[in-house]
Number of protein chains: 2
Amino acid sequence: METTNAAPMSGRKAQAARNDQTILQAARAVFVADPGAPISAVAERAGVGISALYRRYASKEILLRKLCSDGLKLYIAEAEAALADERDPWTVFADFMRRIVDADTHSLTLSLAGTFTPDEDLFRESAYAEELATRVFERARDAGVLRPGLDVADLSMLFEQIAAIHLGDEERTAQMRHRYLALILDGLRLTSAEALPGPPPTAEEIGRRWIVT
Amino acid sequence: METTNAAPMSGRKAQAARNDQTILQAARAVFVADPGAPISAVAERAGVGISALYRRYASKEILLRKLCSDGLKLYIAEAEAALADERDPWTVFADFMRRIVDADTHSLTLSLAGTFTPDEDLFRESAYAEELATRVFERARDAGVLRPGLDVADLSMLFEQIAAIHLGDEERTAQMRHRYLALILDGLRLTSAEALPGPPPTAEEIGRRWIVT
DNA sequence: ATAGAACGGAATATTATGTTCCGTGAGCTA
DNA sequence: TAGCTCACGGAACATAATATTCCGTTCTAT
């Protein structure tokens, strides 16, 4: 952890600022790999002491909320980008799905749901994210490029399924996720196929999983 | 837990035999819902005391092995049934997938991998299961009803993805799983589509996840 | 030189949980 | 009926994890 050369990274403040990033990245990586991981594992991965963590986040729960919130912000950003995208509807939709898979925003959703008490802000962000996703979805649906009977809530479920894919290192995992996303996208694009069996999930069903019991 | 009527369930031995079943069902349900669940949760769910568990399984790990082994046996049975099925290749293949999803044999694979040391017998059963699955898969592939570029290892990954689906109670979850299995099957059936991107998983990659680190 | 921010990491307090142990009671046997 | 044994319930125990606190140290800016 020695830093003796470059100019902009000297100074205690710069060091601390860099730690802000390092710690968040480490936390993400660790909790995605193991949702029940101890806080000490995060510190170890980040290469810092435990107190560097507690200086920033007063508790584990607060750190988890921060991670979730960041994930939602990413999701929102991608959805906004998709809404601003003027290419053909299917391309925009498929690209949105691919970007979300790469952003891996649902690993946290999948594994951390129910492990901490959601925040008021989280609910707000979540609602906004869902609203944007709905607009992205409906644009594709209204353009007639989707299989009939789909619902925007199906996307959440599909993202979670893909987030459940793990194989080897991060790169290989990403590769596998795109392999099966391609399969799913082909299925979603079958405009003349029959609707999928069973009623789609409701927003209420999906949201209920966040309630801590 | 009172039993005062039917004849065949009286007697200490019959009671114990029924507990054998009850305990296994409870263990499955509990560990599928929460892989890290305490052994006391299993006893509670089964409506028995802890000692009723330890009388049958000397340790938690042995119980987990038993559950996995039972899952593999189920998988093997379904594969054998598929191989004996003389209907058209696609129907046999799709039905096999649907049965495995219903049997939910991969919930344990997904969540318990790496939490206990696999047994010698487990390896044997696993190898045999994989061999049968390969035969089922190749029969469909050779009949030309599958999208090109697929590999039998893709099935494992797909089963795990589907096992990751959870929504509400067991019945609703099953319904959702069939919804997305239908989507996936449609994708697998696109014989004239392009092969999926990225190399398929290898048997070695899939097996490595069982190694306890 | 000195105050104080930022940190490392040992120490602490608490919890969770796998396993053992002991007392109880039902059925079977003589 | 008395005694024996198998199953069992569940408290008690021993341990392992781990969230959080605390204190001494280091480095920077003044």
Side-chain angles (χ1 to χ4, degrees), chain A residues 1-24 26-27 30-31 33-67 112 114-117 212-213, chain B residues 1-24 26-27 30-31 33-67 112 114-117 212-213:
Chain A
M1 283 297 124
E2 287 311 311
T3 62
T4 55
N5 41 356
M9 40 91 108
S10 174
R12 201 71 168 203
K13 234 168 232 174
Q15 170 71 273
R18 241 170 311 125
N19 274 356
D20 287 348
Q21 292 304 311
T22 308
I23 285 174
L24 278 179
V30 166
F31 288 129
D34 174 12
I39 208 108
S40 62
V42 175
E44 204 168 344
R45 167 111 180 197
V48 301
I50 293 179
S51 73
L53 274 178
Y54 274 90
R55 162 159 295 276
R56 293 169 173 77
Y57 306 100
S59 72
K60 185 181 188 181
E61 180 155 334
I62 289 174
L63 171 57
L64 292 178
R65 271 206 283 268
K66 167 68 170 164
L67 289 176
L112 297 183
T115 67
F116 67 91
T117 313
V212 182
T213 46
Chain B
M1 283 296 125
E2 286 313 311
T3 60
T4 54
N5 40 357
M9 40 92 109
S10 174
R12 202 67 169 202
K13 232 167 233 177
Q15 171 71 272
R18 237 169 314 124
N19 275 355
D20 287 347
Q21 291 304 311
T22 308
I23 285 175
L24 279 179
V30 166
F31 288 128
D34 175 12
I39 208 112
S40 62
V42 175
E44 205 167 343
R45 168 110 180 198
V48 302
I50 293 180
S51 72
L53 274 178
Y54 274 89
R55 162 157 297 274
R56 293 170 174 75
Y57 306 100
S59 73
K60 188 182 188 180
E61 180 156 333
I62 290 174
L63 171 58
L64 292 178
R65 271 206 282 268
K66 166 69 169 166
L67 289 176
L112 297 183
T115 67
F116 67 91
T117 311
V212 181
T213 46

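Note that the structure is a prediction, hence the values are computed from the model and not measured.
- Remark: A:Asn19 is not in phosphate contact with C:dA6, judged by side-chain N or O atoms under 4.0 Å from OP1 or OP2.
- Between A:Arg55 and the phosphate of C:dG8, there is no side-chain N or O to OP1/OP2 separation shorter than 4.0 Å.
- Rounded to whole Å, atom P of C:dT19 lies 10 Å from atom CG of B:Leu63.
- Taking atom CG of residue A:Leu53 and atom P of nucleotide D:dT21, one finds them 13 Å apart after rounding to whole Å.
- Note: CD (A:Glu44) to P (C:dC7) measures 18 Å, nearest angstrom.
- Closest to the side chain of B:Ile50, from the set D:dT20, C:dA6, D:dA11, is D:dA11.
- Within the 4.5 Å cutoff, the side chain of A:Thr22 has no heavy atoms near those of the A:Val48 side chain.
- Atom CG in B:Asp34 sits roughly 8 Å away from atom P in C:dT17 (whole-Å rounding).
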Please report the C-alpha distance between B:Val42 and B:Ile50 in whole Å, then the side-chain angles of each, then the deciding distance to 0.1 Å, and finally whether the side chain to side chain contact (heavy atoms under 4.5 Å, CB included) criterion is met. CA-CA 8 Å; B:Val42 175; B:Ile50 293 180; over 6 Å; no
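- Side chain of B:Arg56 to main chain of B:Leu63: no donor-acceptor pair is present (N/O by atom type, distance under 3.5 Å, no hydrogens or angles).
- At whole-Å resolution of the value, CZ in B:Phe116 and C1' in C:dT17 are 19 Å apart.
- Between C:dT19, D:dA7, D:dT20, one nucleotide has an atom nearer to the side chain of B:Ile39 than all others, and that is C:dT19.
- The side chain of B:Pro38 has C:dG18 as its nearest neighbour among C:dG18, D:dT20, C:dA6.
- Atom P of nucleotide C:dT20 and atom NZ of B:Lys60 are separated by 15 Å, given to the nearest angstrom.
- The 12-atom threshold is not exceeded at CD of B:Glu44, counting heavy atoms of other residues, nucleotides or ligands nearer than 6.0 Å.
- When distances run from any side-chain atom of A:Tyr54 to the nucleotides C:dG18, D:dT21, D:dC22, the shortest one goes to D:dT21.
- Listed pair B:Arg56 / D:dC8 meets the phosphate criterion, a side-chain N or O lying under 4.0 Å from OP1 or OP2.
- Checked against C:dA6, D:dC8, D:dA19, the side chain of B:Ala16 finds its nearest nucleotide in D:dC8.
- Under the 4.5 Å side-chain criterion, counting only non-hydrogen atoms from C-beta, A:Leu24 is in contact with A:Tyr57.
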